[in-house]
Asker: 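Okay, here's the structure, questions in a sec.
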Amino acid sequence: MNYQSAIEVSGLVVERGRRRVLHGIDCSIPVGSVTGLLGPSGSGKTTLIRAVVGVQIVKAGTVTVLGQPAGSAALRRTVGYVTQAPSVYADLSVRENARYFASLYGLGATEADQAIADVGLASAARQLVGNLSGGQRSRASLACAMVASPEVLVLDEPTVGQDPVLRADLWAKFHEMAARGTTLLVSSHVMDEAGRCDRLLLIRDGEMIADDTPAGVRAAASTEDLDEAFLRLIREREEVAA
Ligand SMILES: Nc1ncnc2c1ncn2[C@@H]1O[C@H](COP(=O)(O)OP(=O)(O)O)[C@@H](O)[C@H]1O
Ligand SMILES: [Mg+2]
C-alpha cells in the first residue's frame, strides 16, 4: 500500500468534560518525518495525540493512520505511544522493563538492550525504575516503546525534564529513526525545540495555527525566529477573526 501521509486528521472535534477542546483540527503528517506538535500547556496536544493513537472519543471528524482508522486492531503493532507520564513498572529494572515489552512482540534481550542504549540508559540498565530521576524514567518509557520498532511512534513531551545534552541526543535519535522510514509525532511546549523538527504543527486553544516546515512557518511570518513567528501567526489569526 502506498501512502504519502502516515497520519491524516480532518475536521477533528473533541469534547472533554463537556468542554470543546479541539475545534475542527486538520493536519497531515508525512511518512518518515519528525513532526513537532508545539503549543502551550492546555492547548490540546495530548488530546490530539490520544485521537491519533485511537484512545480518545471524538465528536466529529476523522483520524487515519497508515490508511486505517486510528485505533484499528491492524495498527496495534505498528503504532507506538509514549504517554506524558512515564508508563513503566517502578518495581522492575530498566532492563527488565525493556525485556518485558520486547517479549510482548516476540523479541529478546538484544532488541531490549539496543533500545536502552538508544535512549542513553545503558549505565542505568540494572537500576529499578522506581529509583530513577524523572528524566531517566521518561527515557525508560521511550525505550520500551522503541523496542518493537513501530512504523509510527507518537511521543508526548518526551524531552521535558531532560538535560540539554540528552535532549539533543534524543532529537538526533528521532531523526535517525525517521531516516529509516519511521514516522515520529513529538509534542513539546518548549518552542525552542521547533527548529529541530522536519515539520511543525502549531496548536493553540484547540486550533491548528500552522502545519508547515520550519522554513515555511518562518516565511509565512516573515521572521527567522520561530518563537516570534508563532506569535505573529496567532496575532494575524486574531485580526482575521475580529
Ligand atoms: N480528562 C479531562 N477532562 C476534562 N478536560 C480535560 C481533560 N483532559 C484535558 N482536559 C482539558 O482539555 C484541554 C486540552 O488539554 P490537553 O490536551 O491535555 O493539552 P496539552 O497536552 O496541550 O497540555 C485543556 O483545557 C484541559 O484542561
Ligand atoms: Mg499534554
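Start at 1 and go down the list; that is how both ligands and their atoms are numbered.
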Asker: Taking N or O atoms only and a 3.5 Å limit, does G44 qualify as a polar contact for ligand 1?
Answerer: yes
Asker: Any side-chain donor paired with an acceptor under 3.5 Å for E8 and S28?
Answerer: yes
Asker: Give the contacting part of T46 toward ligand 1: side chain, backbone, both or neither, where contact means a heavy-atom distance below 4.0 Å.
Answerer: both
Asker: Going by the angle between their ring planes, with limits at 30° and 60°, are W171 and F174 parallel, tilted or perpendicular?
Answerer: perpendicular
Asker: Does a salt bridge link D211 with R199, judged by any charged N lying under 4.0 Å from a carboxylate O?
Answerer: yes
Asker: Identify the protein heavy atom lying closest to atom 16 (P) of ligand 1, giving its residue, its atom name and the separation to 0.1 Å.
Answerer: T47 OG1, 3.6 Å
Asker: Is Q84 in polar range of ligand 1, meaning some N or O pair under 3.5 Å apart?
Answerer: no
Asker: May I ask you to decide if the ring planes of Y100 and Y89 are parallel, tilted or perpendicular, using 30° and 60° as cut-offs?
Answerer: perpendicular
Asker: Which atoms of ligand 1 have any heavy atom of G17 under 4.0 Å away?
Answerer: 4 (C)
Asker: Only one of V147, V152, L153 passes side chain to side chain contact (heavy atoms under 4.5 Å, CB included) with P150; say which it is.
Answerer: L153
Asker: Return the closest protein heavy atom for atom 10 (N) of ligand 1 as residue, atom name and distance.
Answerer: R16 CD, 4.1 Å
Asker: Around atom 27 (O) of ligand 1, find the nearest protein heavy atom and jot down its residue, atom name and distance.
Answerer: R19 NH1, 4.2 Å
Asker: Give a yes or no on this: more than 12 heavy atoms of other residues, nucleotides or ligands lie within 6.0 Å of atom CZ of R237.
Answerer: yes
Asker: Do T83 and D156 pair up side chain to side chain, a donor and an acceptor below 3.5 Å, judged on atom types alone?
Answerer: no
Asker: Return the option from G39, G42, S41, A51 holding the heavy atom at the smallest distance from atom 14 (C) of ligand 1.
Answerer: G42
Asker: Which protein N, O or S atoms does the Mg ion (ligand 2) have within a distance shorter than 2.8 Å?
Answerer: T46 OG1, Q84 OE1
Asker: If we only count heavy atoms from C-beta on, is the L12 to T62 side-chain gap below 4.5 Å?
Answerer: no
Asker: Heavy-atom distances under 4.0 Å are what count here, so tell me which part of P40 touches ligand 1: side chain, backbone, both or neither.
Answerer: backbone
Asker: Looking only at protein heavy atoms, which one is nearest to atom 12 (O) of ligand 1, and what is the separation?
Answerer: V21 CG1, 3.1 Å
Asker: Would you kindly say whether E193 and T159 are connected by a side-chain donor-acceptor distance under 3.5 Å?
Answerer: yes
Asker: Under 3.5 Å, is there a donor on one side chain and an acceptor on the other for T223 and R218?
Answerer: no
Asker: Regarding E111 and R99, does a basic nitrogen lie under 4.0 Å from an acidic carboxylate oxygen?
Answerer: no
